[in-house]
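Side-chain atoms are counted along with the backbone in the values below, which use heavy atoms only and exclude waters and symmetry mates. Here the structure is a predicted model, which means the values were calculated and not measured.
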Amino acid sequence: MLAADKLFIGYMGLSGLFALVMGGADGAVLAVLHAVAIGGVLLWSRRPVPKGGFLRFLRVAYPVALTPLLYSELASLNQFLVTGYLDEMVQGWEMALFGTQLSIEASNWFPAFGLSEWFHLGYVSYYLIVPAAMIGVYLTRGAAALHRTIFTIALAFFVCYVIFIVLPVAGPRYYFEQISGTLSEGSIFGVVHLILESGSSKGTAFPSSHIAATASAVFAAGREDRRLFWWLVVPMVGLSIGTVYGRFHYGVDALAGALIAILAWAVTPWLVAKLKGEPAEG
């Protein structure tokens with residue numbers, strides 16, 4: 001069993017137990033699904049890691065590959081303990097830390113059409129940066145390096161998901177007006193909002209898992225192959241600014257996401273050694 005398997009089982013067990021205790025009938029259904037997933041991983045982990053190719057990649061990478069599915073259930077999980085959303089509290093943190101609501105003011109301070117499109121492109125680049133980091137590490141450094149990278153990204157995701165479950169925050173786009181005027185006429189602006197309207201789980205703003213996952217992927221990939229860091233760091237910065245500029249996250253969401261990424265990157269070597277499980281090199 002790989003260290004990433006144990007991390008995945010730990011999150012699924014913790015969130016499943018929470019759903020069972022707090023979620024009534026709906027929670028019980030989620031708990032059963034989590035138990036089935038844990039059983040599947042326990043069975044799968046008894047088989048040798050495939051020797052090469054896509055199956056080897058998938059065997060190591062599945063904890064991150066499944067995060068979109070786990071993300072989709074958070075809108076239900078985060079209403080079992082708290083009813084509603086805690087945005088007023090987070091908006092208070094924003095004012096205390098920055099003296100203003102950055103998600104409103106950023107686009108007012110820099111109302112350039114090209115800049116807006118660039119930052120919205122940065123925001124949606126999340127869907128490319130994380131896979132690029134994973135695939136790049138696998139192709140250049142092999143399965144063991146991929147495993148360390150996956151562990152870092154999954155740890156960042158799961159820390160965010162646990163916080164989402166107990167501290168649901170909807171985010172600025174539910175409380176403040178959408179950017180309007182010329183900036184809203186961009187094609188990339190339209191694509192980003194279409195994606196969010198079709199696949200966003202409400203209550204998952206604080207911390208920004210976009211930033212946590214992206215930064216942890218870039219840092220972890222850079223630890224294995226420094227060239228990957230320099231290829232990915234510029235779009236990572238664009239994404240980090242775009243989350244606030246586009247009114248998708250509060251400034252404190254972005255800050256918390258960055259801190260989680262750094263923490264996940266820092267503790268991964270120790271945790272992987274502690275959990276004692278890595279695939280063979282190659």
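With contacts defined as side-chain heavy-atom distances shorter than 4.5 Å, the pair Phe164/Pro168 does not qualify. Looking at Leu2 and Arg59, their side chains come closer than 4.5 Å, going by heavy atoms from C-beta outward. Side-chain contact check for Thr214 versus Val130: some heavy-atom pair is nearer than 4.5 Å. Using a 4.5 Å cut-off on side-chain heavy atoms (C-beta onward), Val166 and Val82 make no contact. In this structure, Pro207 and His249 have side chains that are not in contact, with every pair of non-hydrogen atoms separated by 4.5 Å or more. Residues Asp253 and Phe248 fail the side-chain proximity criterion, which asks for heavy atoms closer than 4.5 Å.
The minimum heavy-atom distance linking Gly257 with Ile211 is given by the pair C-CG2, 3.9 Å. The two residues Met236 and Ala215 make their nearest non-hydrogen contact at SD-CA, 3.6 Å. Residues Ser187 and Glu117 come closest through the heavy atom pair N-OE1, 3.3 Å. What you find for Val244 and Ala254 is that their closest heavy atoms are CG2-CB, 3.9 Å. Minimum interatomic distance between Gly84 and Gln79 (heavy atoms only, all atoms of both residues): N-OE1, 2.8 Å.
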Less than 3.5 Å apart, which donor and acceptor atoms pair up between the side chains of residues 25-42 and the rest of the protein, not counting sequence neighbours?
| from | atom 1 | to | atom 2 | distance (Å) |
| --- | --- | --- | --- | --- |
| His34 | ND1 | Met12 | O | 3.1 |
| His34 | ND1 | Ser15 | OG | 3.2 |
| His34 | ND1 | Gly16 | N | 3.4 |
| His34 | NE2 | Glu73 | OE1 | 3.2 |
| His34 | NE2 | Glu73 | OE2 | 2.7 |

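Evaluation of the side chain to side chain donor-acceptor pair (under 3.5 Å) test over residues 230-243, restricted to residues two or more places apart or in two chains, returns none. Among residues at least two apart or in separate chains, side chain to side chain donor-acceptor pair (under 3.5 Å) pairs with a member in residues 100-112 are Ser107-Arg247. Identified under the side chain to side chain donor-acceptor pair (under 3.5 Å) test for residues 157-176, with sequence neighbours left out: Arg173-Ser200. Applying the side chain to side chain donor-acceptor pair (under 3.5 Å) test to pairs two or more places apart or on separate chains, those with a residue in residues 263-273 are Thr152-Thr268. Identified under the ring-ring contact (aromatic ring centres under 6.0 Å, His included) test for residues 14-33, with sequence neighbours left out: none.
Separating the CD1 atom in Ile188 from the CG atom in Leu121 is a distance of 4.5 Å, to the nearest 0.5 Å. The CD1 atom of Ile135 lies 12.5 Å from the OG1 atom of Thr149; values are rounded to the nearest 0.5 Å. Interatomic distance, NE2 of His120 versus CG of Leu183, reported as 8.0 Å (0.5 Å rounding). Separating the CG atom in Leu7 from the CZ atom in Phe157 is a distance of 12.5 Å, to the nearest 0.5 Å. In this structure, NE2 in His193 is found 10.5 Å from CD1 in Ile195, a value given to the nearest 0.5 Å. Atom CG of Leu97 sits about 6.5 Å away from atom CG of Leu255, to the nearest 0.5 Å.
When hydrophobic clusters are built by joining Ile, Leu, Val, Met, Phe, Trp and Tyr residues whose side-chain heavy atoms come closer than 4.5 Å, directly or via intermediates, Leu259 is grouped together with Leu155. Phe57 and Leu55 fall into different hydrophobic clusters, where Ile, Leu, Val, Met, Phe, Trp and Tyr side chains are chained together by heavy-atom contacts under 4.5 Å. Taken together through direct or relayed side-chain contacts under 4.5 Å among Ile, Leu, Val, Met, Phe, Trp and Tyr, Ile165 and Leu20 form parts of separate hydrophobic clusters.
Arg46 has no carboxylate O lying under 4.0 Å from a charged side-chain N of Asp5, or vice versa, which leaves the two without a salt bridge.
Remark: the backbone N or O of Ile241 is not paired with any side-chain donor or acceptor of Tyr123 at under 3.5 angstrom.
Under the ring pair (Phe, Tyr, Trp, His ring centres under 6.0 Å) criterion, Tyr62 pairs with Phe8, Trp44, not counting sequence neighbours. Judged as a side-chain hydrogen bond (donor to acceptor under 3.5 Å, both in side chains), and not counting sequence neighbours, the contacts of Asp225 are Thr140, Arg227. Legend: residues meeting ring pair (Phe, Tyr, Trp, His ring centres under 6.0 Å) with Phe158, ordered by chain and number and at least two apart, are Tyr11. The ring pair (Phe, Tyr, Trp, His ring centres under 6.0 Å) test applied to Tyr126 returns His210, not counting sequence neighbours. When the ring pair (Phe, Tyr, Trp, His ring centres under 6.0 Å) test is applied to Phe206, the partners found at least two apart in sequence or on another chain are Trp93. Scored by the side-chain hydrogen bond (donor to acceptor under 3.5 Å, both in side chains) test, Glu94 finds no partners at all (sequence neighbours excluded).
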Under the side-chain contact (heavy atoms from CB on, under 4.5 Å) criterion, do Ile9 and Met1 qualify, and how do the steps go?
-> CA-CA 11 Å; Ile9 289 171; Met1 184 177 289; 4.0 Å; yes
Could you walk me through whether Leu86 and Leu167 pass side-chain contact (heavy atoms from CB on, under 4.5 Å), step by step?
-> CA-CA 7 Å; Leu86 304 175; Leu167 188 71; 3.3 Å; yes
Would Leu146 and Glu224 satisfy side-chain contact (heavy atoms from CB on, under 4.5 Å), going step by step from the backbone distance to the final call?
-> CA-CA 9 Å; Leu146 173 64; Glu224 306 297 340; over 6 Å; no
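A side-chain N or O of Tyr250 and one of Asp87 form a donor-acceptor pair less than 3.5 Å apart.
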